[in-house]
Amino acid sequence: MSKWFFSKRKSENESSNTTSTNSTPSSLVSDLDKLNLTEERLKRYVYEANTQSSDITFTNNTEDETNLRARAILLREKAVSKTLNNIKLSMKVDLCFVLDCSGSMQPHIDAAKDCMLQVSNYIKNTNSNIKLRVGFCGYRDYYNEDMRLQVFDFTDKYETFTRYLLNNVAAISNDDDPEDVLGGLDAAVNQMDWQNTTRVLLHIGDYPPHGRRFTYLKDKYPDGDPNGLTPENILKEMQSKNILYFFGKVTCHTEKMLHVFREIIGEFPVFDIVGGDPISLIENLVKATSSSITLAVSLTSTVGSKEIYSLQQKKLDMNPNEPEWKILPLQKGVIMWYNIPRDLNQLEDPNYFNRSNLFSKSFTFKIASQPFSAGVEKCAYFALDTQNSLMVIKEYHCVGKTNPFEKYLEAIEVSTVACFLSTKFNSIIKRGKIRKVNFLNVSLLRTGTVDLHTKYYTIEPRLNSGYKRFNANTGIITELHHTLEAFAHFTYEYTKGYLVVCDLQGIELDGEFLLTDPAIHCVDPLRFGRTNFGKEGINQCFLTNHKCNEICKKLRLGNSDSNFGLKLKKLNLFKGCF
């Protein structure tokens, strides 16, 4: 058994005959002996396919591996087909600007007039699959009578939209601070012709609604909306219509309003849209608008529009603050990882990721009692190792009715493949002034000291602030970086169309991107988990949306010459930094 493990992570050039200096816990040996990795993975894929597609019927009949594999492929293909169709629908977007049009907002009204054409051009150049309609709802205050609300319904004619704002929308000053915010939101929700799958309401304002519930400012209506509107009624109606709420923050006067809104609908993105020179203000508004669109599409295509609000309102017992490490007990466990493949043949061989290439060592750590963050699939905990290195431990919310050990092994496999490909990419561009693409070393953590039951996690070094999601496995680019898009293209070319590494997220540093939690689309439907959308996913989520940039062209990515690898090595690498 000792030949399965190593005391340290090995590079692809190290000998495979090294032996471990650590003893392997007998309970881990037992787990490995009992684990039929192939069978467990096929069973999980069948289970996940059934949870993704309600029209698929699950049976518990005992099957041999051949039949189980055939059924898993069939169900996976049906589930992926349904997912890809939902992704197509999510690319159709209704965007409504809800804008405070009182006197103090004049600079932002002017910026909005110059915003939409830039946004449409940005979307066209980064996410050409997105089809956008845009509308407008402006609000002022009650005594503005006929000018209290202005509604311009959705259109895909951006020049028409811009002309309307230029010719019809002007700032009108009022004599108290609060505005008819609830009236504006109510008109946007109920008077606009919402049709598309992804529905975005971007609300930009500097003052809250009337009422003591929202503000202590000078207010002519301290008891609230004189027409009886309440945030509960409006926001619940917004939820029922699957409209996603985003807010552009101009001043601190809206803090109480945001707190009330979060109590009703859960968390939502807030963008800082402060004053300053007109050009900066337009840039901020364009960035907020573009981010709202891409974030909404990414959410809708990932979890579905009807599930987003339930996700936002999910009450996990979380603590965003770092714990007091001195009072937390040391815990013992074992970390495991796969040896990095030597070449493409090993990478493409699913059997490479088995016991013979799985290594381990003992590990002592501390972990926070509550997660500090949670996503669709996982929650994350602060952790500390014995060298006082800051770590992050992640746990899946639910692994279904199958062995969690197998699913965590798959997560490590995805990370290992991404590391292999980033190493190849970096070796090609190392002579050019191009940022490297690196992935965190992610290991599987097995421990039984938390509650005397065996538990599994992933563990990785902690990233500094500035964490971003640059693109998603649905094909959406949330923040464009030519290096990352070229890297994704490189993974497709290097593997000869076998896979694409996507869902790139992490931090941007001087000279490199440091990433974690990637996804992989692969022509083999029985690899890389439920975020693998197969051959059709490669086509729909990457190839149809990718636009080659300067780095792609310099690397000659997409060239039909079959001597791709040799050609890259012979390149006279280029100047410039991306």
Side-chain angles (χ1 to χ4, degrees), residues 93-102 104-123 126-127 130 132 134-139 165 179 181 184-185 188 198-209 214 235 238 243-262 264-300 308-309 312 320 373 465-472 476-481 505 507-508:
V93 180
D94 285 340
L95 165 69
C96 178
F97 287 99
V98 177
L99 186 63
D100 182 343
C101 294
S102 59
S104 59
M105 288 290 292
Q106 181 66 63
H108 295 80
I109 297 171
D110 292 338
K113 295 174 181 177
D114 294 325
C115 170
M116 198 54 229
L117 291 179
Q118 292 187 42
V119 169
S120 64
N121 287 331
Y122 176 81
I123 295 297
T126 59
N127 293 283
I130 293 179
L132 180 66
V134 61
F136 174 82
C137 182
Y139 64 87
L165 294 187
E179 309 293 348
V181 175
L185 292 175
T198 300
R199 302 174 177 186
V200 180
L201 190 156
L202 176 56
H203 174 199
I204 302 166
D206 59 352
Y207 282 94
F214 303 104
L235 296 177
M238 184 186 299
I243 301 168
L244 302 180
Y245 182 75
F246 297 79
F247 185 70
K249 181 181 175 182
V250 179
T251 71
C252 62
H253 299 305
T254 52
E255 282 299 323
K256 286 191 69 177
M257 177 193 80
L258 295 177
H259 176 75
V260 172
F261 285 11
R262 288 191 182 102
I264 299 170
I265 59 174
E267 293 297 322
F268 50 83
V270 175
F271 303 99
D272 283 324
I273 307 179
V274 296
D277 65 90
I279 293 177
S280 297
L281 185 54
I282 293 171
E283 290 175 350
N284 289 340
L285 187 55
V286 169
K287 184 176 181 180
T289 305
S290 302
S291 297
S292 298
I293 295 167
T294 54
L295 285 171
V297 172
S298 182
L299 279 170
T300 305
I308 291 173
Y309 276 111
Q312 291 173 335
S373 180
S465 59
Y467 190 95
K468 299 176 182 177
R469 190 176 193 180
F470 301 107
N471 61 39
I476 289 298
I477 299 170
T478 52
E479 184 169 307
L480 177 63
H481 290 275
Q505 52 193 310
I507 61 174
E508 180 182 1

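The basis for the numbers below is simple: all heavy atoms, side chains too, and nothing from hydrogens, waters or symmetry mates.
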> How far apart are the closest heavy atoms of Gln505 and Phe470, and which atoms are they?
Replying inline: CA-CD1, 4.0 Å
> Any side-chain heavy atom of Val93 within less than 4.5 Å of one from Ile123?
Replying inline: no
> Taking atom SG of Cys96 and atom CG of Leu185, what is their separation to the nearest 0.5 Å?
Replying inline: 9.5 Å
> What pair of heavy atoms forms the shortest contact from Ala111 to Leu281, and how long is it?
Replying inline: CB-CG, 4.0 Å
> What distance separates Phe97 CZ from Leu201 CG, expressed to the nearest 0.5 Å?
Replying inline: 10.5 Å
>> Could you check whether any side-chain heavy atom of Ile476 comes within less than 4.5 Å of a side-chain heavy atom of Ile130, counting everything from C-beta outward?
In response: yes
> So does Lys287 have more than 12 non-hydrogen atoms from other groups sitting under 6.0 Å from NZ?
Replying inline: no
> Minimum heavy-atom separation for Gly184 to Cys137, with atom names?
Replying inline: O-SG, 3.4 Å
> Heavy-atom distance under 4.5 Å between the side chains of Leu244 and Phe268, does that happen here?
Replying inline: no
> Considering only heavy atoms from C-beta outward, does the side chain of Lys113 approach that of Ile109 to under 4.5 Å?
Replying inline: yes
>> In the structure I gave you, are the side-chain heavy atoms of Ile264 and Met238 within less than 4.5 Å of one another anywhere?
In response: no
> Hey, what do you get for CG (Leu202) to CG (Leu95), rounding to the nearest 0.5 Å?
Replying inline: 6.5 Å
> Got a donor-acceptor contact below 3.5 angstrom from the Asn127 side chain to the Ile477 backbone?
Replying inline: yes
> What's the spacing between Ile282 CD1 and Ile273 CD1 if we round to 0.5 Å?
Replying inline: 12.5 Å
> Are the side chain of His481 and the backbone N or O of Glu508 linked by a donor-acceptor pair below 3.5 Å?
Replying inline: no
>> Just verifying a value: how many Å separate Phe247 CZ and Arg262 CZ, rounded to the nearest 0.5 Å?
In response: 10.0 Å
> Could you walk me through whether Met116 and Leu132 pass the side-chain contact (heavy atoms from CB on, under 4.5 Å) check?
Replying inline: CA-CA 11 Å; Met116 198 54 229; Leu132 180 66; 3.4 Å; yes
> Listed by chain and number, what are the side-chain hydrogen bond (donor to acceptor under 3.5 Å, both in side chains) partners of His253, not counting sequence neighbours?
Replying inline: none
>> Going by side-chain contact (heavy atoms from CB on, under 4.5 Å), Ile204 matches just one of Thr289, Asp100, Val98, Leu285. Which one?
In response: Leu285
>> Within the 4.5 Å heavy-atom criterion, are Phe136 and Cys101 side-chain neighbours or not?
In response: yes
>> If we ignore hydrogens and angles and just use 3.5 Å, is the side chain of Thr254 paired with the main-chain N or O of Pro208 as donor and acceptor?
In response: no
> Taking only residues two or more places apart in sequence, or in another chain, which ones meet Lys249 in a side-chain hydrogen bond (donor to acceptor under 3.5 Å, both in side chains)?
Replying inline: Glu255
>> For Ala288, is there any backbone N or O sitting under 3.5 Å from a side-chain donor or acceptor partner on Ser292?
In response: yes
> What class does the angle between the rings of Phe261 and Tyr245 fall in, given that below 30° is parallel, 30 to 60° is tilted and above 60° is perpendicular?
Replying inline: perpendicular
> Does the pair Asp110 and Gln106 meet the rule for a side-chain contact (heavy atoms from CB on, under 4.5 Å), with working shown?
Replying inline: CA-CA 6 Å; Asp110 292 338; Gln106 181 66 63; 2.9 Å; yes
> Considering only heavy atoms from C-beta outward, does the side chain of Ser104 approach that of Tyr207 to under 4.5 Å?
Replying inline: yes
>> Pair Met105, Glu179 - check side-chain contact (heavy atoms from CB on, under 4.5 Å), show working.
In response: CA-CA 12 Å; Met105 288 290 292; Glu179 309 293 348; over 6 Å; no
> Could you give the distance from CZ (Arg469) to CG (Asn471), rounded to the nearest 0.5 Å?
Replying inline: 8.0 Å
>> Tell me if a side-chain donor or acceptor on Thr478 pairs with a main-chain N or O of Leu295 at a distance below 3.5 Å.
In response: no
